Amino acid sequence: MVWLGVDLGDARVGLALSDPELSFAHPAGNVQAYGDSFHALDDVIDVIESESVEHVVVGLPLQLNGTEGKSAKKARRWVKNLETRITTLIENGEITLKPVPQVSLIDERLTTVSAHRQLLQAQVSGKRHRPVVDQQSAVVILQSALDRREQHRSDHLGR
């Protein structure tokens, strides 16, 4: 089982993948968005299919007070488009995904700040920093989801 983390951006869509045990997230590159993250849908679907992704976690950019602005509404539309596009491709026999991946949104407030800090601590700066911050943000988003999943499992098992 593999999960995919997605950080939506207008220039790039950052991607991260989990390990098969769903313990750790690692960078999986960027997809060029050419000014609009909706342009990256098919490339993200290619990753979902090639990596046999079972769950997609997309960052929901809430405002600091927890309300939804334009960016959060755009992320919700992006997720709906992703789900619709995957369903259409499966129905048309253009791709085979078993099981069909679940798609969820996760609060991503301050993930870019965390990503910048992690990159600076790793001494990635200057020209090398900008291209990888989106995928590092996707790592933060995905790792948050994996940690929540593990905490939920631990709570459920009474640990």
Side-chain angles (χ1 to χ4, degrees), residues 1-63 66 68-115 118-119 131-156:
M1 177 186 301
V2 175
W3 285 20
L4 175 69
V6 179
D7 177 58
L8 299 174
D10 289 330
R12 289 173 296 277
V13 173
L15 303 176
L17 289 167
S18 73
D19 64 323
E21 292 78 31
L22 303 178
S23 299
F24 299 102
H26 60 87
N30 294 314
V31 174
Q32 288 303 120
Y34 305 105
D36 188 347
S37 59
F38 289 93
H39 293 150
L41 278 168
D42 286 337
D43 289 330
V44 172
I45 291 170
D46 288 344
V47 172
I48 292 168
E49 184 178 31
S50 68
E51 298 294 333
S52 301
V53 170
E54 292 189 24
H55 191 114
V56 180
V57 181
V58 179
L60 180 64
L62 297 174
Q63 296 178 4
E68 290 191 16
K70 287 173 38 176
S71 294
K73 290 175 180 152
K74 184 176 180 180
R76 288 190 184 282
R77 284 193 319 274
W78 193 91
V79 164
K80 284 288 184 200
N81 279 310
L82 177 66
E83 292 171 330
T84 300
R85 183 86 175 110
I86 288 172
T87 301
T88 300
L89 290 170
I90 290 171
E91 287 173 355
N92 292 341
E94 295 177 48
I95 61 171
T96 56
L97 290 171
K98 293 194 177 150
V100 175
Q102 178 183 357
V103 182
S104 60
L105 290 155
I106 186 170
D107 180 357
E108 69 150 307
R109 282 177 283 184
L110 303 178
T111 56
T112 302
V113 172
S114 296
Q118 290 172 2
L119 291 170
V132 296
V133 73
D134 297 302
Q135 62 185 316
Q136 189 62 35
S137 293
V139 168
V140 173
I141 290 165
L142 181 55
Q143 191 63 56
S144 294
L146 295 172
D147 292 346
R148 286 181 188 176
R149 175 189 175 275
E150 186 57 35
Q151 182 62 47
H152 179 73
R153 286 183 64 222
S154 294
D155 291 348
H156 183 71

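As the structure is a computational prediction, the values presented were derived from the model and not from experiment. Worth knowing before you read on, the calculation uses all heavy atoms, side chains too, and leaves out hydrogens, waters and symmetry mates.
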Please give me the minimum heavy-atom distance between [X] and [Y], naming the atom from each residue.
X      : Y      : answer
Ala75  : Pro61  : CB-CD, 3.8 Å
Ser104 : His55  : OG-NE2, 2.8 Å
Leu142 : Gly5   : CD2-N, 3.7 Å
Pro27  : Gln136 : CG-OE1, 4.3 Å
Ala40  : Val13  : CB-CG2, 3.7 Å

Please confirm whether the backbone N or O of [Y] pairs with a side-chain atom of [X], one donor and one acceptor, at under 3.5 Å?
X      : Y     : answer
Asn92  : Glu94 : no
Gln135 : Asn30 : no
Trp78  : Ser37 : yes
Thr84  : Lys80 : yes

Using side-chain heavy atoms (C-beta onward) and a distance below 4.5 Å, is [X] in contact with [Y]?
X      : Y      : answer
Glu51  : Leu4   : no
Glu150 : Leu146 : no
Glu49  : Leu89  : no
Val53  : Leu17  : yes
Leu105 : Val58  : yes
Leu22  : Arg149 : yes
Lys74  : Asp36  : yes
Glu68  : Leu60  : yes

Got a second to check how far [X]'s [atom1] is from [Y]'s [atom2], nearest 0.5 Å?
X      : Y      : atom1 : atom2 : result
Leu62  : Asp107 : CG    : CG    : 4.5 Å
Lys70  : Gln63  : NZ    : CD    : 11.0 Å
Asp147 : Phe24  : CG    : CZ    : 9.0 Å
His26  : Ser18  : NE2   : OG    : 7.0 Å

Under the criterion side-chain contact (heavy atoms from CB on, under 4.5 Å), which of Asp46, Val31, Leu82 is the partner of Leu41? Leu82

Angle class for the His39/Tyr34 ring planes (parallel below 30°, perpendicular above 60°, tilted otherwise)? tilted

Could you go through the side-chain contact (heavy atoms from CB on, under 4.5 Å) check for Ile45 and Ile86 one step at a time? CA-CA 7 Å; Ile45 291 170; Ile86 288 172; 3.9 Å; yes

